[in-house]
Structures are given as C-alpha cells and as structure tokens.
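A short write-up of the structure that comes next.
Residue numbers begin at 1 in each chain, while the letters A, B, ... track the order of the sequences.
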Amino acid sequence: MTDLVELAKRRGFFFQSSEAYGGVSGFYTYGPQGASLKAHVEETWRQRFALAEGHMQIDAPTVMPEPVFEASGHLDGFDDMLVECAECGESHRADHLIEGATDIEEAESLPTDEVAALLDAHDIVCPSCGAALAGQPVEEFNLMFETNIGPGTSQTGYLRPETAQGIFVEFPRLKEYARGQLPFGVTQIGKSYRNEISPRNALVRTREFTQAELELFVDPDGDAPDVSAVADVDVTLYPAANQPDGDYVETTVGDAVAEGIVDPWVAYYLGVATEWYETIGVDFDRFRYRQHQPGERAHYASDCWDAEADVSAPGEAPEWIEIAGYAYRGDYDLSKHAEHGTETFTVFKQYDEPKTVERASVDPDMSYLGPEFGGAAADVADALAALAERDRTAFEGEEVAVDVDGETYTVPTEKTGFEFAEETEAGRHVTPHVVEPSIGIDRTVYTVLAHAYDEDEVDEGERTVLRLDPAVAPTGVAVFPLMDKDGMGERAREIAADLRADGYDVTYDDSGNIGRRYRRQDEVGTPFCVTVDYESVTEVPETVTLRERDSTEQVRVPTADLGAVLADLRAGETTFDDL
RNA sequence: GCACCGGUGGUCUAGUGGUAGGACAUGAGCUUCCCAAGCUCAUAGCCCGGGUUCAAUUCCCGGCCGGUGCACCA
C-alpha cells in the first residue's frame, strides 16, 4: 500500500486534500491521472449497469432534509452517545460507561435523557480524570454531516450517507417514468458523506466518497431475474457458512442459483458485476464475493454479498477490503418512506384477468348509531366493518353484537348497512422489493490501481508499471519524437494532434531520452507509445514505431493506419502480437 | 476517540540548540540518441501554534496530519 500511495501522490492519481493547511483527515483529491481513471471507471459502470440493462439514471442532491433520514433510520440507528467531562474535556461513550457500571445491557437503545439520569444515579465518574459526570449533557454523535438549510436554524439538513436515499425518496415520480411497470431500475453515481471517527488507508475509508448505486424495484411475487444471461459467468463465492473454515466455492452464477447458495436477484448482479470487474482489469485471483454473516447485515438487508478485493502489495499478507455490496433490501426503504412521507410508494400491478371477489361490507346508519351510542359510535362502526370482513354469518340474524373496549353493543342488522356483493379487482398494490448493487467507486479505483501495480525488469533496469486496462487508462496513447530535431518533433506534434482529433487522450512528450519517456508512461499506465524516428521522416510511406507497455515490444505501423490500429487494440479486436 | 511510533525540497531520506546534505524526480543545455546512460547549470525543504533560550527544524506543551493496534464501520 505504501508504494502505491507514494506513486499515486507523485504521479497525480490521488493525494490528501488541503495539505497547504495541514491536511484534513478523510478527504482526498484526485489528480489529473486519477480523475481520468475514476471517470473511466464510472463510465464503464454506467455502460454496464445502466445502459446495457436498460435502466434509468438520475442525479439527486447530496443534501436532504431531516425527515428523510428519520424515515430511512439513519438518524436513529447511526448515533453514538457521548458525554464530555467538564473537568478534563475528554469525551466518552455514555452508553458504554453505563454498561460498565450497571447490569444494563444495550444502553445504546435508551433515550439520552434516561442515559443522563443513569449517569447521575450511579455516580459515574470520568475514566480519564475521575471527576463526576453527573449533570453533564449527553450528546448524540451522529455519523452524518449536519447542515442548515436556508438562513438561521429553521431547517436541519444532512449530507446523504448513501446515494440510495435520493432514489428512494423520488420513487413516486420515478415509477411514473417507468409507466408503473415492474421491474425497473434507477442508477445514480454521486458523492456520499460519513463523518467517520477514524478515516484510514488512503481512499479506502474517507469521509467523502463516490458511490455508484443501482436500485432495482421488483415485484417479490411476480418478477424473476434472467439468470441465463449470466449463468456461465465464473464467480468465487465465500458463503457465510464457509467463513469459519476459509473455504471458497468456485462455481458459476447459474450453478450458485441452482444450488440455492445465492438469492437469484443478487446472483444475477454478481454476474453482471463480474463482467464489469473484468473490463476494468480486476485480478480475479485477488477477488471474492463474501456473504454477510447474519449479525453483520445492515438494518434493511435480508441478504447481502460483498465484493472484496485483496489490495496487498506482492509478497505481503493479504489485505481484503470491501469494494461493493450486493443486497436484497426487501421493502424496508419504500415502506418506511410510505410511513413517513406523504406520497404513495406502491405500484399498481394489474392481473392478467380481473378477479371477481365476494366482499362483505357495511355502511352503518350513523344517524342511528350516534344518538344511541354517543362517543362510542365511531368505534362501533369500525368494529362492525371488521366483523363483516371476519365473519359475515354474524349479520344473518335480526341483531348484531360487537365488543368495544370490553363493552357489548347490540345493533339492529338493518342499521348496519350490511351488504354482500361481488366486486371486480383489476390488480393489486405492490410495495416493490429492492435489489441493490452498491459500488464504492473510490475503493474500486484503488483496487484497479493495486491490481495493476507491478515492478519488473527491462534490459536489466528496474521498472514500475501500471498494467491498466486500456478501457480505464487515463492516457490512451503517448507520442514522442525520438529527438526534437530534424523535423521529428514537428511531425510527432502533428500526429499527436491528429490522434486527439480522433478522440484519443494523448500525451506528447519530448523531454529526456526516449527510455525515460517510456518509463514515465509506464508509471501512469499508458498502454501504447508512438515514436517518430529518423525512418519516419525519411522513408515513404511514412511509418512510426508502436510500443506496447506490458511487453515493451514494438512494431512499425504505417502512420496512415495508426488510428485504426489503436482503435482495434483498445476494443480488444486485435492483440499486439497480431501486428 | 484511546495507545504507541512518526512528520526535513515534488518523492524518498541524512542530520543539527547557531535555519540544512544526499538520492531520485523536474526544467534549460550538451551528448555517439528506442527503454530510467553521461556531463554542466538551475528550481525546490525543516507540519502549525505556544513555551524555554541571545538563538528552536532540533528541547518542552498543545494542535493538525500519517502509520500500526484497539474501538467504530447502515
């Protein structure tokens, strides 16, 4: 990790932000190479998860009002209770202090004023200096960044801790764009924020990070994934039951579903994701899908598999990091927002054939119930309605009796408006379930770099090389004159301009000897270098040398064919050996 | 947040109570010019604040940042 971070800093992939002011923990800036690499990773993700799957893409705000997170559970479920010592200023976990001093377990679930009262009642003292903590306020430390929306403190807002909420809250409108048809998917690539207590390991745990998320909304009773589309994809699985022993399951997506190892929806996206990971150059010998242990899952997930990558340097101990989560979230999110929000978070699903159902209903005569039962009238009416659904035979006699709060009320059947009729149902209201591939872009970028990083020898000289896939490499091709004289520089500049006009990201470099320039490009992962030499400017038709990064071998290519040759190489339609 | 260790050019580092040296990299030039060659020259540094001192990059305190372990990790 150290060598890679040093290279990243030196060559402009990423570095810590605001270093001129001492730096701030958990924030990174992508430099020229890194910003390009990251953009390519995001674009390939968009191609595979949005375009190729026929899903839509949105771009929601990073700031959302407090009630959104009350609904999502992030406000309650994401708190640490802190108490600050008036004497020495140290902060401590109040719930932990109470658990240590009393028989209470799970003090975290108690309200803060109760926790404060317990601190008083048990004379709990500061572990650092021994001063009494009685009377100190207990503050909640929430891992969300808080802000004010508008002037003053009228409305509290939070920076989203995951992009998903931006999709869920807009579901009522998004379902209109999907014309109410399940399943449909919505993707979003954007920043999320968590005020981590302890940011670590460069891009791996930061306080501001980019997520690429897909929320696929499905009918739990009617929709199934097309597993056949990815059935042959090889995957390395690490099921929860195997984790004590460390045994992987090498299988295919199709077999994993057939054997019931992975939920079919999750498995489908493991297949899609695997294809994507391949295009961006993830090394599958250092990659696995690990199932969450039952106790490890988030509050919303019913099953979850993480993509994990080993980002250790060659020869070092394995260092597995989580780079994505593939979760079946059930209807948790939409149900919560339906509960808290003002709109409908369901989809109307029409039956193939309308169903005829027999339904008992009541329409009580309130002008009778009111005078007769006074304040209990409304409850009696509700009880009648419930009874009609439960037991229609109760309405067969002259009178109907219902219990309300332990008292029995008798109503003449004719005053209940009881009716038994056939109704036609065209369909049902479904709260969709959510399948969520959630990708940490920064961690994925880090993985791509770690897996591309290599050191080898060229002509007895040591070389550092990033073997980045051309699909994500920041620079597509570099163009050099062998020397900047005898017309070679002018010609090389023309060729560079032509390639740029063709849409290539081109680096032009005439500084230092040719070997040095090749090494510079090796370190930023440029897959191909074009060199204009004496032969180029003297012979007809003009040719240039094309040098491949990984093998360092080169071939002569007619300048006229250069654009087409590079396009084929980038698309994988030819390999360098074919040339 | 706790504990330990650390912070010197762009990068990696040596060293010091009297403001610093190297390597690599970078720029200009020369050179017998296709894989980090050689030569000349140049650019560029002691994390921040306070204290002690005639004098602090060095010693002390605090902060910030980093590494490792613990805790945390929707």
Side-chain angles (χ1 to χ4, degrees), chain A residues 1-3 5-12 15-27 31 69 72-80 82 84 89-93 96 108 127-128 141-144 160-162 164-165 192 194-202 204-207 292 296-301 304 321-322 325 327 329 332-333 436 438 440 456-465 480-486 488 509-523 529-536 544-549 551-556:
Chain A
M1 180 167 274
T2 315
D3 287 346
V5 170
E6 190 268 319
L7 174 69
K9 200 191 289 186
R10 192 160 44 81
R11 287 297 184 196
F15 50 88
Q16 195 173 22
S17 299
S18 305
E19 283 195 313
Y21 293 89
V24 56
S25 189
F27 294 91
F69 300 109
S72 69
H74 288 105
L75 210 48
D76 284 341
F78 211 28
D79 279 340
D80 286 344
L82 295 181
E84 188 175 329
E90 288 293 325
S91 285
H92 302 280
R93 284 285 295 268
H96 288 178
E108 192 175 359
S128 305
F141 178 72
N142 191 280
L143 266 55
M144 287 191 292
R160 62 184 178 193
E162 56 174 3
Q165 295 308 323
S192 293
R194 298 179 190 179
N195 200 0
E196 296 285 355
I197 296 172
S198 180
R200 282 289 162 90
N201 295 346
V204 174
R205 193 190 303 170
T206 55
R207 291 184 166 129
H292 277 199
E296 183 184 359
R297 286 196 293 264
H299 58 260
Y300 51 70
C304 186
I321 63 168
E322 172 194 340
R329 289 176 80 132
Y332 178 92
D333 301 280
E436 180 195 72
S438 172
D456 65 0
E457 281 199 2
V458 175
D459 292 352
E460 293 174 17
E462 282 190 8
R463 170 175 83 139
T464 300
V465 55
F480 315 138
L482 186 58
M483 284 165 286
D484 191 6
K485 64 179 189 183
D486 298 332
M488 289 183 282
D509 188 357
D510 60 14
S511 168
N513 76 52
I514 193 72
R516 178 179 298 249
R517 283 176 269 165
Y518 285 143
R519 299 304 168 87
R520 278 188 195 125
Q521 295 307 314
D522 289 341
E523 283 203 342
C529 294
V530 169
T531 302
V532 174
D533 57 15
Y534 281 109
E535 221 176 306
S536 306
V544 291
T545 66
L546 182 64
R547 179 254 196 193
E548 187 198 33
R549 174 195 65 205
S551 64
T552 75
E553 285 175 7
Q554 41 192 343
V555 295
R556 293 207 78 86

### Option among A:Thr552, A:Asp509, A:Thr531 that satisfies the side-chain hydrogen bond (donor to acceptor under 3.5 Å, both in side chains) test with A:Tyr518
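Passing option: A:Thr531.
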### Message
Tell me every residue that passes salt bridge (Lys or Arg N to Asp or Glu O under 4.0 Å) with A:Arg517, counting only those two or more places apart in sequence or in another chain.
### Response
none
### Message
Test of understanding: with side-chain hydrogen bond (donor to acceptor under 3.5 Å, both in side chains), list the residues that count as partners of A:Ser18, not counting sequence neighbours.
### Response
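Testing A:Ser18 for side-chain hydrogen bond (donor to acceptor under 3.5 Å, both in side chains), a comparison that skips the adjacent residues, returns none.
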### Message
Here's a test of your reading of the structure: between A:Arg520 and A:Arg207, which maps to the more 5' nucleotide of RNA chain B?
### Response
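Result of the comparison: A:Arg520.
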### Task
Would you mind telling me which residue lines up with the more 5' stretch of RNA chain B, A:Arg519 or A:Gly512, judged by nearest nucleotide?
A:Gly512
Under 4.0 angstrom between [X] side-chain N/O and [N] OP1 or OP2:
X	N	result
A:Ser511	B:G27	yes
A:Ser25	B:C64	no
A:Gln16	B:C65	no

Under 3.5 Å, N/O pairs linking protein and nucleotides 31-34 of chain B:
unit_1, atom_1, unit_2, atom_2, d
B:C34, O2, A:Tyr518, OH, 2.7
B:C34, O2, A:Gln554, OE1, 2.9
B:C34, O2, A:Gln554, NE2, 2.9
B:C34, N3, A:Thr545, OG1, 3.3
B:C34, N4, A:Asp533, OD2, 2.7
B:C34, N4, A:Thr545, OG1, 3.4

### Message
Can you give me the dot-bracket string for RNA chain B, 5' to 3', counting Watson-Crick and G-U wobble pairs with both distances under 3.5 Å, using [ ] for crossing pairs and | for partners on another strand?
### Response
(((((((..((((....[..)))).(((((.......)))))....(((((..]....))))))))))))....
### B:U43 and B:G1, which share atom name P, separated by this distance in whole Å
43 Å
#### Entry: Pair of N/O donor and acceptor under 3.5 Å linking B:A36 base with A:Arg516 side chain
no
### Query
Using a cut-off of 4.0 Å between protein heavy atoms and nucleotide atoms, how would you tag nucleotides 3-12 of chain B 5' to 3' with B, S and -?
--------SS
### Summary
A:Arg11 meets the side chain to side chain contact (heavy atoms under 4.5 Å, CB included) criterion, sequence neighbours left out, with A:Leu7, A:Phe13, A:Arg520, A:Glu523, A:Val524
